[in-house]
Amino acid sequence: MSSYKDSLNLPKTAFPMKAGLPQREPQMLKTWLNDDLYGKQRAKAKGRPIFTLHDGPPYANGDIHLGHAVNKVLKDIIIKSKNLSGFDAPYIPGWDCHGLPIELQVEKKIGKAGVKVDAKKFRAACREYAQKQVNKQREDFKRLGILGDWDNPYLTMNFQFEADEIRALGKIIQKGHMHKGFKPVHWCSDCGSALAEAEVEYKDKHSPAIDVRFAVLDDAAFINACHHVENSPGKGPISVVIWTTTPWTLPANEAVALNPELDYCLVECVGEHGTERLLLAEALHKDALGRWGFEEHRVVAYCKGAALENLKLQHPFYDKQVPIILGDHVTTDAGTGAVHTAPAHGQEDYVAGSRYHLPIDNPVGPNGVFIEGTELFAGQHVFKANDSVIETLKLKGNLVHAQALDHSYPHCWRHKTPIIFRATPQWFISMEQAGLRDQANQAIEDVDWIPDWGKARISAMMANRPDWCISRQRTWGVPIALFVHKDTSELHPNTSDLIEQVAQRVEKQGIDAWFDLDAVELLGADAENYVKVSDTLDVWFDSGVSHFAVIDEREELAFPADLYLEGSDQHRGWFQSSLLTSVAIKGRAPYKAALTHGFTVDAKGHKMSKSIGNSILPQEINNSLGADVLRLFIAATDYRNEMTCTDEIFKRTGDAYRRIRNTARFLLANLHGFDPAENSLPASELLALDQWAIARCDQLQTEIRDAYDCYEFHLIYQKVHNFCSVDLGGFYLDVLKDRQYTTQENSQARRSAQTAMYHMMEAFCRWIAPILSFTADEMWRFIPGQRSESVFLETWYELPQVQQDSNFNLSFWQEILQTRIAVSKELEQLRVAGDIGSSLDAEVNIYCGSEIFQRLSQLEDELRFVLITSDARIHKVETPPGQAKHVVLQNGDEIWIQAAASEHKKCVRCWHHQEDVGANGEHPELCGRCIENVAGDGEKRRYA
RNA sequence: CGUCCUGUAGUUUAAUAGGUAAAACGCCAAGCUUAUACCUUGGAUGAGCGCCCGAUUAGCGCAUGAUCCUCGUUCGAUUCGAGGCAGGACGACCA
C-alpha cells in the first residue's frame, strides 16, 4: 500500500511554512544591501520614464515611531509598484537636520551657545548629533524593508544643500518676494534674546489690572454713530474704556480695537470726576460698572462696534491720537470689550495693526528697559514701569479703576521670569508684494490632491496665512546670508552676486563659512558701511526648498515631482512651505500630486503618544511578527483615515499573512519537478480548468494594477487574500490535488496544471512584492526556471493569453462553482449522519432540465473531479425523483441533487470509490484509472 | 473658539444616479491526514429588553433584522441636507 504512495506526485518544497520573519528578514536585508539591489534596480530601469516620489524629510531626532513607519512604507509600496509598472522610480530618502529641537538636545550636553561654548563649536556638536540621529533612524527604516539610496540620502545640513538653500533665498529676493519688517516675538529680558515657542512656559503671575479712559475727540460724530439714543444722550465727556494687565505696554499704544459685531453701550456715570459718559461692551457693562463702583449710572445710547471704526481717541498720557479699529479677536470674556492695541507688544495687536497700517514702534530695549527718549518712562524696566504708568494715569485723570489679578503668563523656562512681547526686525516672504498668494492659489489648482478634500484644506490655509516670517535668532540653522547697510538697512546693491559667492563658500565649508566670513573679503572697503545679517532661516524654509536643492540637483529625479506623500499635518507644513518657495522661484507647484495619510490611533481612536503610553513601536512588531506583517497591516488599512492599531488587529494581520504565505508555498510545492522551459504547455493545450485559472489571474491582475495606480492598497490586500481563500484554497487547488498527485509525472494532465500554477506564481509574487517585500523576494528564489536575482528587478508578469472559449467561459465556471456549493451542502448532511467522511466517499446524481444538462455535461465524466466525489452523473429529466434535493442556483437555474455514500470499494491510491477496484489481479487495491497511471500509458484529462 | 476630515457585524474592508447592506478573518462544530504548526466543509451569533435558574449550559417570550444619534427631503436614505455626539488634523486665543 505504501508503495503506491511513492507513485504519487506529492508536493515538495524547501520554502518553509513557518516564516520566522524576525530572524529571516534581517538576513534577506543583508543580501539586498551587500548585493546593492537598489543600484541594480536603478541600472535596470535606466531609460524608462522617470517617476519621482520626493521624500519629505523626517526630523533627525528621536527613534522612529509607527507614524514614520506608515509614511515610509506607503512610499516604498508606491516606489516598488511604479518600478513594476515600468517606470524608473528612484527613492532618495531625506532628513531635516537644523533647528531648535537639536539645539536643545545639544544644549543639555554641552551648554548654551554663546554662554558655555562658542557658536562654532556648538554648531559642530549639532552637526554631529544630527548625523548620529540620521544613522540610527536610517537603520530602523532599512529594517522595514524600504529600498532606496540609503548611502546617499539628502540631508538639509549637507554643504551642498545649505549652499543651494542660500541660492534659493537669493532667487526669492530676486523675484521681489522678500521684505523686512517687524514682528513681536517672545523676549526674555534676562537672556536678552528671543525665545522660541518651545522655550516658553506658562505660570501664574501677579499683575495689575487697570481700566483706562481713552477720551473721544469728536463727541458729536460719536453720538451720530449710535443707532439708538435714549431720551437724552446724556452729559459729560465721552471716553472709551479699555482693560489691560500690562500697563507698561500703554506707551506703545496705537489703537483701541472693538469687535465689529458686538453691541456697545454708552453709560452716563456720576462719580469723583463728575458726570461723564463711558463706552463699553453691553455684555460686560454690568460687571465693569460693578467693579468701578460709580454712585449713579444709566445707559444713554447703543451702537455696534463697526459703527465707530476710525474715530479718533486721545492717548491717555501722550500727546497723540489713536484710531478705533475693528477685530474679531475682541471678545467678551473679560475686560470691557475694548482692547488696547500695541502692535509692538502682542501677536494679535501686531496682526490687527498691520491691517490698519499702524506704526510698530517699540520703545523697549533688549534688556527690557524703556529706551532713551521714551517720554516719561525712559530708563525704567517694563515691569517696574507698571506703577509709574498707573501713577501717570491717575495724574492725568484717566485711570478708571485698578486692582490686582493672578493669571497665566508666559515665563522664560530658563530664568523662570516673566517674558514680554517685543517687536524686533525680521525678514518676511510677502504673500502680496509680488503676488505670491494669487500665484500659489493658482498653483493649487494644478495639483491633484488625494484625497480631494486636501485641496479645500490647503486653499483655506493659503487664503488666511500671514506673511511668512523666515528669520530666526538661532545658532543651528542656515544663515540669511545678506549684507544690509548699517544706517538704512537697505540690501547691498550687489546682493545677487554676493549670495552666489557666499553659496560657493558654503558649498565647501558649510554654514560656518558665513559666520566666519569677514565682510571685507567680499565687499572690500565698502564693508564698513554694511553689516552681516546674523539671523538664520526658519527650518520650514530648509525642507521647503528641497525641490530646488534636491530634485533639481539629483539627476535621477525630475521636476516637478510626480508625488509628495505625507501625513495630513503637512498641509500646513511641508506641502505649504514647498509650494510657496516653488511658486516664488519657479512659478508652479513642485509636485503634480499630493497624497496624505492619517495618523495611528489606539483602540479607542485616541492618538498614539508617548505620554499616554498607548503607543506601539515598529521595532516591537518587527521583532515579534515581522516587518512584512507590519507592511501588510499598513497596506490593508485605508490610510486616508486614522489607522487603528491594536494587538488584535496585528494578530489578524499575522493570520492573513500566514494564509497568503501558505498558499504560495503550496503552489511552489506543486511546481516540484517542473521546468518551465521544458515542461510548460502552450495556452491552447491547457485543460479547460487551467485556462480558467489563468483567465482569472489575468482579471485579478488588472484589478490589482488599477488599485496600485490609484494608491488603494487595502483593496489589493482584500483581493489577494480572497483569491487565496476562495478561488485557490476553496476551489482550484482543492480540485487540482487529484490530478497533480495521481496522474503521471510528465502527463499533459499534470503539466497543464503546473503550467497554470507556474504562471500564477510568477504573477502572484509580483502582486505582493511591493507590500510583502521580504516574503516575495524569498519566494522568488523558489519559483522554478531561469530568473533574475530579485523580483524587484522585474516588471509585471505577462500572463499567457487564453481564448475565452464560449463553452468554457467565466459564467460557465460560475455555474459549476454554484453547483459545487450546493453539492457540498448535501455532502455535509451525509457527513453529519455519519454516512461519509471525505467527500470522495460519496457519489452524486444531478437532475436538471435539458438546457442546464447541455452545459453541465460538457465536462463529461470529469465533473466528479470538480466536485471531488467518486462519481457524478447528470440526468436530463422532466420530473426529478422525489428524494432529490431541489436547489435554485444564483443565476436562477434549478437543479435537483441526490447524494449518497458510494457502495464501491475505495482505491487505496486515489481514494476514489470505483466499481473496477480489484478487477485487476496484479493490483487488487487499485481502480482502473490508477492502474493506467501506474502501469499503463497514463490517463488523459481534457477539462479538469 | 475656528477650518477640515472620519464614524458599516468582534476585526479589516466592500457596495448602491437614492433601490435586498456583502466578503474575508475571527468564533463553534465536523471532516481529512495526499498543503498537516496546514487544508476543506458546515453552522451560529452578529443590537436590545424581559422570563426561567442556586449557578452554568441550555431554553422561552417580546420587540427587532449590523451603516454613531436625531431630525428633514423622498414611495424608499448607509448614500443627499441640517443639527448633535465621539475621535482625529491644523490653527487661533489667554489683552
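Per chain, numbering begins at 1; letters A, B, ... match sequence-line order.
- Here B/U64 sits opposite no nucleotide as a Watson-Crick or G-U wobble pair (both hydrogen-bonding atom distances under 3.5 Å).
- Atom CG of A/L667 and atom C1' of B/C39 are 13 Å apart (whole Å).
- Taking the six-membered ring for Trp and thresholds of 30 and 60 degrees, A/W767 and A/F723 have ring planes more than 60 degrees apart, a perpendicular arrangement.
- Base pairing of B/G31 is made with B/C39, judged by Watson-Crick or G-U wobble geometry with both donor-acceptor distances under 3.5 Å.
- Separation of the P atoms belonging to B/C4 and B/U13 is 25 Å when rounded to the nearest angstrom.
- The distance between atom CG of A/L668 and atom P of B/C38, rounded to the nearest whole Å, is 18 Å.
- Ring planes of A/F650 and A/F633: tilted class, angle from 30 to 60°.
- In the set B/A89, B/U12, B/U13, the nucleotide with an atom closest to the side chain of A/D638 is B/U13.
- Judged as a side-chain hydrogen bond (donor to acceptor under 3.5 Å, both in side chains), and not counting sequence neighbours, A/W248 has no contacts.
- Across all strands shown, nothing is found opposite B/U45 as a Watson-Crick or G-U wobble partner with both distances under 3.5 Å.
- Residues from residues 642-652 of chain A that place a heavy atom under 4.0 Å from any atom of RNA chain B, listed by number: A/E642, A/T644, A/E648, A/I649, A/R652.
- Here the separation of B/C60 from B/A86, taken at their C1' atoms, is 38 Å to the nearest Å.
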Classify every nucleotide of nucleotides 29-35 of chain B by which part a protein heavy atom approaches to under 4.0 Å, writing B for the base, S for the sugar-phosphate alone and - for neither, in 5'-to-3' order.
-SSSSBB
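- Between the C1' atoms of B/G43 and B/G26, the separation comes to 14 Å (whole Å).
- Within the structure, salt bridge (charged side-chain N to carboxylate O under 4.0 Å, His left out) pairs that include any residue of residues 662-674 of chain A do not occur (at least two apart or interchain).
- Applying the ring-ring contact (aromatic ring centres under 6.0 Å, His included) rule to A/Y741 yields no partners; only residues at least two apart in sequence or on another chain are considered.
- When rounded to the nearest whole Å, the span between CH2 of A/W453 and P of B/G7 equals 12 Å.
- When the side-chain hydrogen bond (donor to acceptor under 3.5 Å, both in side chains) test is applied to A/S902, the partners found at least two apart in sequence or on another chain are A/E843.
- Across all strands shown, B/G10 is found opposite B/C25 as a Watson-Crick or G-U wobble partner, with both distances under 3.5 Å.
- For B/U79 and B/G42, the C1' atoms lie 35 Å apart once the distance is rounded to whole Å.
- Per the geometry, CG belonging to A/N641 stands 15 Å off C1' belonging to B/A86, to the nearest Å.
- Pair assignment for B/U20 gives none, since no Watson-Crick or G-U wobble pairing has each distance under 3.5 Å.
- As rounded to the nearest Å, B/A66 and B/U45 have C1' atoms that lie 12 Å from one another.
- Here the separation of B/G46 from B/U64, taken at their C1' atoms, is 13 Å to the nearest Å.
- As a whole-Å value, the separation of A/D602 CG from B/U6 P is 21 Å.
- Looking at heavy-atom distances under 4.0 Å, A/T637 makes contact with sugar-phosphate atoms alone, never a base.
- Summarising the geometry, the separation between CE on A/M462 and P on B/C4 is reported as 17 Å, rounded to the nearest angstrom.
- To the nearest angstrom, P of B/A92 lies 11 Å from CZ of A/R465.
- Judged by Watson-Crick or G-U wobble contacts below 3.5 Å, the nucleotide B/C1 has B/G91 as its partner.
- The two residues A/G67 and A/T600 make their nearest non-hydrogen contact at N-OG1, 4.3 Å.
- A/N9 and A/E745 share no donor-acceptor pair across their side chains, judged by distance under 3.5 Å alone.
- The partner of B/G59 is B/C51, by the rule that a Watson-Crick or G-U pair needs both atom distances under 3.5 Å.
- Between A/I821 atom CD1 and B/G43 atom C1' the separation is 15 Å, expressed in whole Å.
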Decide salt bridge (Lys or Arg N to Asp or Glu O under 4.0 Å) for A/K651 and A/E648; before the verdict, give the C-alpha distance in whole Å, the side-chain angles of both, and the deciding distance to 0.1 Å.
CA-CA 5 Å; A/K651 189 170 169 290; A/E648 191 202 350; over 6 Å; no
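- Counting distance only, with no hydrogens placed and no angle test, the side-chain atoms of A/R658 and the base atoms of B/A37 include no donor-acceptor pair under 3.5 Å.
- A centroid separation of 6.0 Å or more is found between the aromatic rings of A/F15 and A/H672.
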Evaluate salt bridge (Lys or Arg N to Asp or Glu O under 4.0 Å) for A/R24 paired with A/D628, printing each intermediate quantity in order.
CA-CA 11 Å; A/R24 209 183 301 277; A/D628 263 1; over 6 Å; no
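- Comparing the C1' positions of B/A9 and B/A23 gives an interatomic distance of 12 Å, to the nearest angstrom.
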